[in-house]
Amino acid sequence: MSETRFPLTLRVTVSGATPDEIREKARTQALSFFGPDSELDVISAEAEADGEHHNRYCATVVFRRVA
């Protein structure tokens with residue numbers, strides 16, 4: 001049986017009070033999925049105010065492992 005390979009992207013949704021907090025949480029999840037030594041590209045990242053919590057933001061970040 002041959003091995004099937006194709007690029008995967010991972011979409012994570014995180015919340016935080018600052019851009020740095022959001023970046024670190026998203027990166028942690030992506031490294032957990034792809035592996036702790038993976039080099040990652042961010043395909044897209046969007047943040048918006050969290051309507052339920054004052055001064056917090058919700059972000060969706062899409063990662064892909066560098067080939």
Side-chain angles (χ1 to χ4, degrees):
M1 182 182 221
S2 66
E3 183 177 331
T4 303
R5 292 187 150 290
F6 52 89
L8 275 177
T9 59
L10 174 68
R11 180 181 313 265
V12 299
T13 302
V14 296
S15 64
T18 66
D20 287 339
E21 182 181 357
I22 288 170
R23 285 184 191 102
E24 187 56 35
K25 286 181 176 182
R27 182 179 169 277
T28 298
Q29 286 189 31
L31 290 173
S32 175
F33 180 77
F34 287 115
D37 297 325
S38 297
E39 185 179 349
L40 304 173
D41 274 338
V42 174
I43 304 305
S44 67
E46 294 185 23
E48 60 185 28
D50 185 338
E52 296 180 18
H53 301 96
H54 182 65
N55 289 334
R56 291 196 61 84
Y57 301 88
C58 182
T60 300
V61 184
V62 179
F63 291 94
R64 179 172 50 213
R65 184 169 51 188
V66 175

Going from [atom1] on [X] to [atom2] on [Y], what distance comes out if it is rounded to the nearest 0.5 angstrom?
X	Y	atom1	atom2	result
T60	I22	OG1	CD1	10.0 Å
S44	R11	OG	CZ	6.0 Å
S38	R64	OG	CZ	13.5 Å
R65	D37	CZ	CG	11.0 Å
L10	L31	CG	CG	10.0 Å

* Answer yes or no: is there a side-chain heavy-atom contact under 4.5 Å between I43 and F63? =>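 SC-SC contact between I43 and F63 ruled out.
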
* Contact check, side chains of E24 and D20, non-hydrogen atoms, under 4.5 Å ->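 E24 vs D20: side chains apart.
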
* When hydrophobic residues are tied together by side-chain contacts of less than 4.5 Å, even through go-betweens, does V62 share a cluster with F6? -> no

* **Shared hydrophobic cluster, F34 / V66 (ILVMFWY, side-chain heavy atoms < 4.5 Å)** =>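 Hydrophobic grouping puts F34 apart from V66.
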
